[in-house]
Amino acid sequence: MLRSRLAHLVTAASLLVALTLAFGAAAGAATAPVGPPTATGRGGAAATVERLATQAAIDTLRRGGNAVDAAVTAAGVLSVTEPFSSGIGGGGFLVLYDASQRKVTTIDGREVAPAAMSPASFWEDGAPLSFSDARHSGLSVGVPGTVATWARVLREYGTISLREALAPAIRVARKGFVVDQTFFDQTALNRDWFADVPAAAALYLDADGTPRDVGTVVRNPDLAATLAGIARFGPRAFYRGPLAAALIDTVRHPPVSPAATHVWRPGVMTGKDLRAYAVRERAPTHVSYRGLDVYGMGPPSSGGSTVGEALNILESYALPGMARDAVLQRMLEASRYSFADRNAYVADPSFFPVPLTGLLAEGYAATRRALITERAATSPVAPGDPYPFDAAGQAAAKETEPAKQTELASTTHISTCDRWGNVVSYTFTIEAIGGAGMVVPGYGFLVNNELTDFTFDSTTQPNRVEGGKRPRSSICPTIVLRDGAPLLTVGAPGGASIISTVLQLLVDRLDQGMTLPQAIVDPRLSQLNTATTQVEPAFLSTPEAAALQKLGYVLAATPEIGAATGIELLGHGEVLAVAEPVRRGGGSAMVVAAAAARRAH
Ligand code: GLU
């Protein structure tokens with residue numbers, strides 16, 4: 001395990017870092033820039049959507065922490081500054097390259113449905129609730145996995161305590177952070193619902209019920225105290241005791257004002273559900289792609305299997321030599337057919353025998369590729385039959401779900417690496433922007449609405465609601481190895497379009513000769529087995545857009561798809577950390593020791 005091996009290294013390494021920094025400062029060496037979306041250098045790196053989080057991760061690395069420590073530190077800060085996209089009220093998935101073992105592993109910190117839930121939990125009078133009614137309720141709240149994830153990864157793979165990791169988050173929650181345009185816009189989306197919930201209104205709305213203005217400082221002393229309790233007592237301060245009681249109360253009796261203008265349905269979570277929560281360490285998904293090894297998140301996420309299947313479909317095309325419009329056409333079709341399979345076959349593997357081996361078999365990909373033409377297929381296309389390629393070999397009843405357009409982009413992705421070669425790709429979320437819309441009174445955090453990721457409008461589909469089950473996710477933290485060593489890590493937010501974003505990032509970087517910053521900027525296209533293909537507005541004016549339209553693609557503009565982050569390991573200890581320059585107001589990438597300006601990308 002990383003920790004025991006690193007224990008010896010850390011002291012020596014911290015000394016070395018201290019000396020290097022002291023010497024570097026005296027010699028006037030470049031230090032890591034603050035805020036820009038791209039940084040090149042050595043000694044480790046971090047990229048997130050937000051400067052304070054990236055800085056906290058870098059500070060942890062500078063003090064001798066490893067990539068896991070840095071990721072948890074950044075996540076703590078994001079839980080304060082990006083409360084509508086992430087936080088301790090939600091869950092996530094973490095993919096880790098452990099340099100000491102030379103292996104990739106994954107941590108499933110997904111939310112779990114309370115034991116008392118059943119396939120018809122979101123139905124009333126013979127019909128499923130609307131998404132908004134389901135979301136803004138106690139029913140959509142899954143047992144959160146984030147605190148358990150942080151504790152588990154620090155214990156198994158980290159070198160610092162939860163107390164150290166959460167210190168920057170507690171500071172930011174106490175001292176406050178400044179509202180920017182993205183925060184304002186995200187608050188505005190939730191305004192009507194926050195207005196119903198006094199604990200949410202007090203934190204995020206002004207007295208007149210409007211969002212806090214850009215430039216206002218938001219302090220969250222309740223969350224500071226909550227995080228301090230977790231720092232001191234560990235996960236039991238979350239999953240047991242007064243916080244757990246308050247969380248249960250929020251779910252079972254939504255804390256809305258008598259003047260609420262919406263109906264908030266109660267949920268069924270119990271203290272037993274909270275106490276039973278367990279993080280799962282799972283094997284990653286794996287495909288080889290043009291001689292590289294691509295590792296991702298397996299079920300209950302559909303990220304790894306769907307990207308993996310699409311890459312398998314694409315591998316036989318000579319993409320590097322093809323015209324850009326033809327490359328994009330193949331990518332869209334590979335995504336379309338993989339999505340058809342994702343919608344039919346991916347669910348929590350404890351409840352449904354996911355034919356993962358079949359879905360990731362090259363032979364199976366060949367059967368899907370055989371259906372692809374040089375024009376747009378008419379969606380929805382039907383799922384294939386991966387069972388002949390799966391050792392389990394047993395065909396399950398095939399019930400797909402109707403193809404859906406991408407949801408509102410939420411969630412946040414953290415990329416970190418360290419000087420020892422460990423790499424972390426961590427996506428965490430509370431599902432929709434603003435989650436279920438309820439802040440736990442007195443504790444300062446929003447609860448998730450992750451259970452709407454179940455196919456809750458069917459009582460029979462594999463991803464139907466069941467007690468103790470994890471809803472299918474699209475989260476797709478990805479690590480690519482070359483000759484057994486990390487080459488690249490990427491991940492993104494954006495609901496189901498997380499998958500198409502990660503696929504496009506990989507195609508752009510690995511097949512199209514783009515640099516990682518270029519790939520992250522590239523206007524995105526997202527084909528999720530729907531009649532239209534979502535594209536960012538900047539794509540619409542390109543020659544490729546016109547070419548694709550001639551081939552039958554109906555392009556629909558969507559303002560923004562996927563504020564990604566990533567890190568490329570350039571060799572000889574040098575790394576390139578990349579965040580989003582524009583989407584979501586721009587992110588922040590930093591390295592421990594910046595390279596000279598000529599090397600910056
Ligand atoms: N709930 C989504 C999932 O796990 C992520 C939220 C989002 O990015 O919209 O797939």
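Atom set for the values below is all heavy atoms of this structure, side chains included, hydrogens, waters and symmetry mates excluded. Every number for a ligand or one of its atoms is a count from 1 in the order of the listing.
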Under the criterion side chain to side chain donor-acceptor pair (under 3.5 Å), I'd like the reasoning laid out for Glu50 against Thr81: C-alpha separation, chi angles, the key distance, then a yes or no. CA-CA 8 Å; Glu50 200 270 317; Thr81 59; 3.1 Å; yes

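Near Gly494, with a cut-off below 4.0 Å to any heavy atom, the atoms of ligand 1 are 8 (O), 9 (O). Below 4.0 Å from some heavy atom of Ile475 lie the following atoms of ligand 1, by number and element: 4 (O), 10 (O). Near Glu450, the atoms of ligand 1 lying under 4.0 angstrom from a non-hydrogen atom of the residue are 1 (N), 2 (C), 4 (O). Within ligand 1, the atoms closer than 4.0 Å to a non-hydrogen atom of Asp453 are 1 (N), 2 (C), 3 (C), 4 (O), 10 (O), numbered from 1 in the order shown. Counting atoms of ligand 1 from 1 in the listed order, those under 4.0 Å from a heavy atom of Gly495 are 7 (C), 8 (O), 9 (O).
Taking distance alone, with nitrogen or oxygen atoms compared against 3.5 Å, Ser473 approaches ligand 1 more closely than that limit.
The pair Glu309-Arg342 does not count as a salt bridge, with every side-chain nitrogen at least 4.0 angstrom from each carboxylate oxygen. Between Arg584 and Glu560 there is no salt bridge, since none of the side-chain N atoms of the basic residue sits less than 4.0 Å from a carboxylate O of the acidic one. Using a 4.0 Å cut-off between charged side-chain N and carboxylate O, Asp180 and Arg51 make no salt bridge. Remark: Arg368 engages Asp341 in a salt bridge, criterion side-chain N to carboxylate O under 4.0 Å.
Under the side-chain hydrogen bond (donor to acceptor under 3.5 Å, both in side chains) criterion, Ser140 pairs with no residue at all, not counting sequence neighbours.
For Arg110, the heavy-atom gap to ligand 1 drops under 4.0 angstrom.
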